[in-house]
Amino acid sequence: MQSQSKADKVFFHYKSALIILFSLIYVVGFSQTTDSIVKKPIQSNEKKLDSLMQLLNSESFKENKLNYDINVLMSQQNRKFNLLNEQIQMANTILKEGIDYKGFTSELELLVKGMKKTVKGIKQNQGRMQTARDLTTTFVLLTELLKRTNTQLDKISANNNSLSSIQRRIDSMAIDKVFYQIPIQDVAKKNYYQRMSKTTKDLNIANTNLKNAIDSIQKLEIRGKVFKYNLESDIAYLKNARKILSERINKGASDPFESNQGYPSLKENFSYSFEKGALIFVFYTANQAGNLTVMFLFIVGLALYLRAIRSKYKKANLYQDLRYPVHVLNYPIASSILIMISIFQFFLPTPPFVFLAFLWFICGMALLIILRRSVVRYWFLIFVAFFILNNFAFQDNLFLLYSPGESRFILFMSLIGFALGIYIFKNIKKEGKEIYEKSFAIALIVFMVLEILAAFLILNGAYNLGKMFMTNGYFTILIAYQLIWAFGLSIDVLNFSKDLTQSEEEQALKAASEPKKFKAHWVYLCFICNCVVCFNQ
């Protein structure tokens, strides 16, 4: 059955193939016989059909090309409108946040006012004897004003560049040809008109506001630059005046026993000096706000650390048996102030005297607290005497105008300081009055030499040099106290920090002389640096 079925299938396929073959032969033969009859009508129809198809294709291409161009245009316009609106919104945001024109203007006016008062005082007193302190203070004040002016000009220039950059970007976008191609389709055309109208309105408002802001800030920048040039001119004038004064600073120019008539009164001197001192203090503090903030944070951090160490020793019942002096733990805040100010004063760039005096006064108050119960009464009273005399020296060094009365005061201060030094050395061999710190003994000798030289110079009419020696002599003693105790307390902090984890053998090694040498070397170095700073004031 299966073989028969296969045979039937083969026969069927063979039969079909023959039928197809005969059909093809017939069609070919028929087409050859009728070719001459139908050839001409078929060719004519094909030509008509080709022409019609070409027309239809051309119209379709034009329509599709038009739709494509409209879609591309709408896409480009949409993207450009969005970018332009982003820039307009950015400009509006900056303008809404506001540029501190009032702040810039008010500070510029304050700078101008400070400069006028500063330079006016110098130029008005040309006929009188110029003081080194007045010229130095004025020079430092103008320098701080110049730093502040440069800071404000940088801010103004940055704002000006930011606004001008946005203005240029908006202008470059607004002249793009894409914005001014109107779509053909009615719906697209309506949307274009609405969006173009709104964008044009926003653009006009933004351009007006930007123009007003840029004009205002450029006028402010011009004022600031003119003020800067005037400052630089006055600084050059001060440099020349200081040079001239330094060439004749040791020449006789004053008489301490002359009458005060015709010279500024104490009130006038104080008012003039206080105004300049306050200006220079404010501007220097503003210029060094970052450094001062860091110093304050270190003071707070060290005070908290010392309190934590003291708490650990008390919890371990070791506080009463400590082998080191516990002044640094008994007075953590005062110790932190003394240590950190003593360190940070070397990192402050060219601090003016009024600021140094402020720091030294704070250190002196901290030392009063520490020494009150840390030393014998004799040395505490000696420090109190030096601290009081230093405050008088501070005040005298802040006076900027000359008067014969001040010369007599300088003479008095130098003589009483020399007498105090003689008194200390006279009692040096008595019990409880010995000098254990070699660096303090050296500072005391330097102090006495400076004070006797100051008295000699004042009596010979060298007011500027005599005042410099008298004031710096007192500052030398205060600096010596400050550095000796600051480094001593710093070493105690290190010792207490290590004692909690060290063994007894390791603790015994700390009794060697290396820490003392370390302390002495650094005290001498810092003492010299401070003296150089003082004499440059």
Side-chain angles (χ1 to χ4, degrees), residues 320 322-339 341-342 357 360-396 412-452 454-455 470-493 495 513 515-516 519-520 522-524 526-527 530-531 534:
Q320 302 299 326
L322 290 174
R323 57 192 297 267
Y324 300 106
V326 292
H327 316 313
V328 71
L329 300 182
N330 286 337
Y331 310 101
I333 297 177
S335 299
S336 301
I337 291 173
L338 181 61
I339 293 171
I341 290 180
S342 298
W360 292 341
F361 177 79
I362 294 177
C363 286
M365 294 299 297
L367 266 174
L368 279 175
I369 295 173
I370 296 171
L371 296 180
R372 187 166 60 93
R373 295 182 180 177
S374 302
V375 296
V376 296
R377 180 177 176 80
Y378 169 79
W379 284 113
F380 176 72
L381 293 178
I382 291 293
F383 175 76
V384 170
F386 275 122
F387 184 62
I388 293 173
L389 291 172
N390 256 285
N391 286 321
F392 284 124
F394 286 157
Q395 185 58 59
D396 181 65
F412 170 77
M413 287 286 291
S414 59
L415 291 176
I416 196 172
F418 183 77
L420 183 57
I422 292 293
Y423 173 78
I424 294 172
F425 277 111
K426 185 179 179 180
N427 295 284
I428 196 173
K429 294 183 179 180
K430 295 182 180 180
E431 186 179 354
K433 299 179 181 180
E434 303 91 344
I435 299 178
Y436 296 104
E437 287 287 346
K438 182 180 178 181
S439 53
F440 179 75
I442 294 173
L444 190 58
I445 293 172
V446 172
F447 163 73
M448 294 176 64
V449 172
L450 292 177
E451 296 310 312
I452 199 65
M470 184 277 291
T471 54
N472 283 285
Y474 279 102
F475 304 156
T476 297
I477 286 294
L478 187 63
I479 292 168
Y481 267 108
Q482 174 188 334
L483 294 178
I484 289 169
W485 277 89
F487 281 99
L489 294 173
S490 300
I491 292 174
D492 289 340
V493 172
N495 290 333
S513 59
K516 295 181 181 179
K519 172 183 171 183
W522 278 99
V523 168
Y524 293 149
C526 296
F527 174 73
N530 265 290
C531 288
C534 290

Compare every heavy atom of [Y] with every heavy atom of [X], then report the nearest pair and how far apart it is.
| X | Y | answer |
| --- | --- | --- |
| Met413 | Glu451 | O-OE1, 3.9 Å |
| Phe425 | Ala441 | CZ-O, 4.1 Å |
| Ala443 | Thr476 | O-CG2, 4.0 Å |
| Ala334 | Ala366 | O-CB, 3.6 Å |
| Gly473 | Leu450 | CA-CD1, 3.6 Å |

Answer whether the closest heavy-atom distance between the side chains of [X] and [Y] falls below 4.5 Å.
| X | Y | answer |
| --- | --- | --- |
| Ile445 | Ile442 | no |
| Leu444 | Phe386 | yes |
| Ile477 | Leu389 | no |
| Lys429 | Glu434 | no |
| Ile435 | Trp379 | yes |

Practice problem: For the pair Leu367 and Cys363, evaluate side chain to side chain contact (heavy atoms under 4.5 Å, CB included) and give the outcome as yes or no after the intermediate values. | Solution: CA-CA 6 Å; Leu367 266 174; Cys363 286; 5.7 Å; no
Self-check item: Aromatic plane relationship, Tyr378 with Tyr423 - under 30° parallel, 30 to 60° tilted, over 60° perpendicular
Solution: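 Tilted, since the angle between the ring planes falls between 30° and 60°.
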Quiz item: Mind checking whether Phe447 and Tyr474 have parallel, tilted or perpendicular rings, split at 30° and 60°?
Solution: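 Phe447 vs Tyr474 ring planes: perpendicular.
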Interatomic spacing from [atom1] in [X] to [atom2] in [Y] - rounded to 0.5 Å:
| X | Y | atom1 | atom2 | result |
| --- | --- | --- | --- | --- |
| Leu420 | Leu415 | CG | CG | 12.5 Å |
| Ile362 | Leu338 | CD1 | CG | 11.5 Å |
| Gln482 | Phe487 | CD | CZ | 9.5 Å |
| Arg377 | Ile382 | CZ | CD1 | 12.0 Å |
| Ile339 | Ile491 | CD1 | CD1 | 10.5 Å |
| Phe383 | Ile388 | CZ | CD1 | 10.0 Å |

Is it the case that over 12 heavy atoms from other parts of the model lie below 6.0 angstrom from the [atom1] atom of [X]?
| X | atom1 | value |
| --- | --- | --- |
| Glu431 | CD | no |
| Phe380 | CZ | yes |
| Ile333 | CD1 | no |

Practice problem: Could you walk me through whether Val375 and Trp485 pass side chain to side chain contact (heavy atoms under 4.5 Å, CB included), step by step? | Solution: CA-CA 12 Å; Val375 296; Trp485 277 89; 3.7 Å; yes
Quiz item: With no hydrogens and no angle check, is any side-chain donor or acceptor of Asp396 less than 3.5 Å from a backbone partner on Phe392?
Solution: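 Answer holds: no.
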Quiz item: When Phe387 is tested against each of Tyr481, Trp360, Phe361 for ring-ring contact (aromatic ring centres under 6.0 Å, His included), which residue passes?
Solution: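 Exactly one candidate clears the test, Phe361.
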